[in-house]
Amino acid sequence: MPELPEVETVVRDLRVLLCGRSVVAVNAGRRKLRQPWKNAWIPRVIGRQIDGVRRRGKWIVVELDDQSHLLIHLGMTGQLTVRATSEPREPHTHVVFDLDDGSCQLRFRDVRRFGSVRYFPAEFDIDYCLNKQLGPEPWELEPENWHVGWRQSRRCLKAILLDQTIVAGIGNIYADEALHAARLSPRQTGRATSLAQAERIRLAIVEVLERAIAARGTSISDYIGGSGLRGHFQGQLQVYGRAALPCVRCGSAIVVVRLAGRSTHYCPTCQRTAAKSRPRRNRRALPQHK
DNA sequence: ACAGGATCCTGGGGGC
DNA sequence: TGCCCCCAGGATCCTG
């Protein structure tokens, strides 16, 4: 399940493998992706040199030399890799870009077809579009006000962290890991969360994601990097996928619940919900001491 | 307005 | 052994 660390790993791999290379042919499979690749884009992509590869949230942006772009999302099972053309094409490969002399290819493979590969011409402002639907990157969250959008909310912290408009790039695994690192319950509501706790969450997000990037991400089922290598952060996960196993911090059994439509793993002992959400109104005034 | 749920999609695993 | 059913979760659309 590619989230920010996995997408970042793919982008770093591909940057080395793709920059300076030209697209000489494009082939698309029959089966349609949810947002399908259009063959009408092929003549616009052929002949273009790849100038850069970058990431915004979970989106991959491939910059072409006429200021047009490819925008790729890996969905749940997407793989974007550079392979020798002689290597057999695996099943579920949906779009293939032949590079340079045709000896190697950029391949997009996606078993569940939740991902997409799209082309945007130079006149389309891709950054405006991405910035409109995505919140800041985790390390650009401002400690003073990153929480203003959600700290009055009745939504639970799990749903808040999954919301890409609040912070871009977090998915189910790292939402659970960050909340465990912050020692906060995924069930706790935004409005029950103190400023100090909000800061703990922000720091935990950054810390967990940086460690995951250093480990090339988490490979549980399909995820591989742009060079085909797996990640190894799955060995460092503290709660995700550890149902009924002891919490590494306190030894209590990790529980799984369904929150925001997603399986949610947490420690019921060291990730407690705040006892009360905010001081109640109409509280009886304390007697004045004179 | 806001929050939660349904939807798409396939391979793998559990139960019988 | 084989079949059926359910589960995994990204973004997006729908419902209460």
Side-chain angles (χ1 to χ4, degrees), chain A residues 1-11 29-37 55-61 71-80 90-95 108-118 120 126 129-135 137-138 147-179 186-193 209 212 217-224 231 233-234 237 239-244 254-266 277:
Chain A
M1 298 128 216
E3 304 177 30
L4 189 153
E6 291 75 33
V7 178
E8 178 65 25
T9 302
V10 169
V11 163
R30 284 251 184 85
R31 307 189 75 177
K32 284 216 167 20
L33 298 165
R34 233 177 116 170
Q35 290 181 303
W37 170 265
R55 178 191 61 73
R56 178 75 173 89
K58 299 173 197 169
W59 295 89
I60 297 169
V61 181
L71 185 63
I72 297 150
H73 199 291
L74 300 178
M76 283 186 55
T77 52
Q79 300 173 343
L80 192 63
E90 292 176 283
H92 309 290
T93 300
H94 301 293
V95 191
F108 178 77
R109 173 172 187 257
D110 185 3
V111 171
R112 286 183 220 175
R113 287 189 278 146
F114 278 27
S116 60
V117 182
R118 285 182 289 167
F120 290 93
I126 203 163
C129 176
L130 287 169
N131 289 333
K132 208 170 56 177
Q133 51 181 302
L134 296 175
E137 294 291 311
H147 47 75
V148 292
W150 56 266
R151 233 170 54 82
Q152 304 298 323
S153 164
R154 273 186 294 267
R155 299 167 83 189
C156 64
L157 291 176
K158 175 66 180 255
I160 289 164
L161 291 195
L162 290 177
D163 185 340
Q164 302 298 298
T165 67
I166 291 169
V167 51
I170 297 175
N172 204 38
I173 296 174
Y174 297 107
D176 284 3
E177 292 299 310
L179 287 171
R187 319 177 77 118
Q188 181 171 310
T189 60
R191 55 165 48 172
T193 302
L209 293 179
T218 304
S219 286
I220 288 178
S221 57
D222 301 78
Y223 161 71
I224 51 173
F233 195 68
Q234 57 275 20
L237 294 174
V239 280
Y240 184 87
R242 299 194 67 247
I254 300 297
V255 298
V256 188
V257 294
R258 199 137 191 102
L259 277 181
R262 299 289 171 252
S263 66
T264 300
H265 311 67
Y266 71 104
S277 55

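Values reported hereafter were calculated over all heavy atoms of this structure, with side chains retained and with hydrogens, waters and symmetry mates removed. Letters go in sequence order (proteins before strands), and every chain restarts at 1.
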Practice task
Sugar-phosphate atoms are those with a prime plus P, OP1 and OP2; base atoms are the rest. Using that split, label each nucleotide of nucleotides 10-16 of chain C B, S or - for protein heavy atoms under 4.0 Å, 5' to 3'.
Solution key: BBS----
Handout entry: Contacts of Ala212(A) that satisfy side-chain contact (heavy atoms from CB on, under 4.5 Å) - sequence neighbours left out
Key = Pro5(A), Tyr174(A), Phe233(A)
Problem - Residue whose closest nucleotide on DNA chain B lies nearer the 5' end, Arg154(A) versus Arg31(A) - result: Arg154(A)
Practice task
Would you kindly give the CZ-to-P distance between Arg242(A) and dA8(C), to the nearest whole Å?
Solution key: 18 Å
Practice task
Go through the structure and list residues passing ring pair (Phe, Tyr, Trp, His ring centres under 6.0 Å) with Tyr266(A), not counting sequence neighbours.
Solution key: none
Exercise for the section: List for me each residue that meets side chain to side chain donor-acceptor pair (under 3.5 Å) alongside Glu177(A), sequence neighbours excluded, and say none if there are none. Expected result: none
Problem - d(CG, Leu259(A); P, dA8(C)) in whole Å - result: 13 Å
Handout entry: With sequence neighbours excluded, residues passing side chain to side chain donor-acceptor pair (under 3.5 Å) with Arg55(A)
Key = Glu8(A), Glu137(A)
Problem - Integer-rounded Å distance: dA1(B) C1' and Arg155(A) CZ - result: 12 Å
Fill in the blank from the handout: Those residues at least two apart in sequence (or on a different chain) that pass side-chain contact (heavy atoms from CB on, under 4.5 Å) with Ser263(A) are Asn172(A), Val256(A), Arg258(A), His265(A)
Handout entry: side-chain N/O His92(A) vs dC9(B) OP1/OP2, d < 4.0 Å
Key = no
Problem - Arg112(A) CZ - dC7(C) P separation (whole Å) - result: 14 Å
Practice task
Give the ring-plane orientation class for Trp150(A) versus His147(A), where under 30° counts as parallel, over 60° as perpendicular and anything between as tilted.
Solution key: perpendicular
Exercise for the section: Compare side-chain N and O positions of Thr77(A) against OP1 and OP2 of dC9(B) and report whether any pair is under 4.0 Å apart. Expected result: no
